[in-house]
Amino acid sequence: MVKLRLKRCGRKQRALYRIVAIDVRSRREGRDLRKVGFYDPIKNQTYLNIPLILYFLEKGAQPTGTVQDISKKAGVFMELSPNHNQQMKKN
């Protein structure tokens with residue numbers, strides 16, 4: 001199973017996070033399938049590759065809670081099919 005989750009990078013006390021598609025059995029810093037964006041909590045900057053995120057969501061990838069919140073703010077779930085939107089609201 002594939003998840004969309006945060007992968008920490010940066011230096012001490014200055015964390016940056018890559019948003020990656022990764023196998024659930026991999027560790028946080030493990031090898032990812034694809035990089036789909038990044039998130040800087042200090043500057044509050046976000047970059048998302050929306051077509052790639054939609055591709056993984058349509059294939060069945062599950063976003064973690066934080067990635068789901070970041071994606072909602074960016075309006076990623078508005079572009080999904082209505083059927084998939086209802087499933088995301090239930091979770």
Side-chain angles (χ1 to χ4, degrees):
M1 180 178 181
V2 176
K3 279 210 176 233
L4 296 176
R5 67 182 185 201
L6 297 175
K7 183 175 181 179
R8 191 179 197 277
C9 53
R11 59 179 199 251
K12 283 194 287 187
Q13 305 296 317
R14 183 69 178 87
L16 293 172
Y17 296 94
R18 285 190 179 139
I19 301 170
V20 296
I22 193 167
D23 185 37
V24 293
R25 295 169 291 189
S26 297
R27 58 195 177 123
R28 183 185 72 182
E29 310 305 330
R31 185 170 175 210
D32 51 69
L33 300 172
R34 214 49 210 270
K35 294 173 185 73
V36 296
F38 80 88
Y39 171 60
D40 184 353
I42 295 172
K43 293 182 182 176
N44 202 16
Q45 289 181 333
T46 305
Y47 168 77
L48 300 172
N49 186 345
I50 294 175
L52 199 53
I53 291 173
L54 292 175
Y55 169 78
F56 279 109
L57 289 174
E58 288 171 357
K59 294 293 182 184
Q62 296 294 314
T64 60
T66 308
V67 172
Q68 188 171 359
D69 292 342
I70 292 169
S71 301
K72 273 184 189 174
K73 287 180 187 176
V76 171
F77 297 116
M78 299 298 173
E79 298 181 28
L80 281 175
S81 63
N83 215 6
H84 196 276
N85 252 347
Q86 291 171 355
Q87 290 175 349
M88 295 302 291
K89 287 180 185 177
K90 289 179 185 177
N91 293 335

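Residues A15 and P41 come closest through the heavy atom pair O-CD, 3.6 Å. L52 and K35 get closest at one heavy-atom pair: CD2-O, 3.7 Å. Among all heavy-atom pairs drawn from L4 and A61, the shortest one is CG-CB, 4.4 Å. When all heavy atoms of I42 and Q13 are compared, the pair lying nearest together is CD1-O, 4.2 Å.
Rounding to the nearest 0.5 angstrom, the gap separating the CD1 atom in I19 from the CZ atom in R34 is 14.5 Å. Between the CZ atom in F38 and the CD atom in Q45 there is a gap of 5.5 Å [rounded to 0.5 Å]. Note that the OH atom of Y39 and the CG atom of D69 stand 9.5 Å from one another [nearest 0.5 Å]. With rounding to the nearest 0.5 angstrom, the CG atom of L16 is 8.0 Å from the NZ atom of K43. For the atom pair CG of L57 and CD of Q68, the computed distance is 9.0 Å after rounding to the nearest 0.5 Å. Here the OH atom belonging to Y17 is positioned 10.0 Å from the CD1 atom belonging to I70, to the nearest 0.5 angstrom.
Ion pairing of D40 with R14 is present here, as a side-chain N (NZ or NE/NH1/NH2) and a carboxylate O approach within less than 4.0 Å.
Taking the side chain as every heavy atom from C-beta outward, F56 and V36 approach each other to under 4.5 Å.
Linking Ile, Leu, Val, Met, Phe, Trp and Tyr whenever their side-chain heavy atoms come within less than 4.5 Å leaves Y47 and I22 in two separate clusters.
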Exercise for the section: Tell me, with the steps shown, if V20 and L33 meet side-chain contact (heavy atoms from CB on, under 4.5 Å). Expected result: CA-CA 7 Å; V20 296; L33 300 172; over 6 Å; no
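A donor-acceptor pair under 3.5 Å links the side-chain atoms of S71 to the main chain of V67, judged by distance alone.
Around the CZ atom of R8, the shell of radius 6.0 Å holds more than 12 heavy atoms that belong to other residues, nucleotides or ligands.
Between D32 and the options K3, R18, K7, a salt bridge (charged side-chain N to carboxylate O under 4.0 Å, His left out) holds for only K7.
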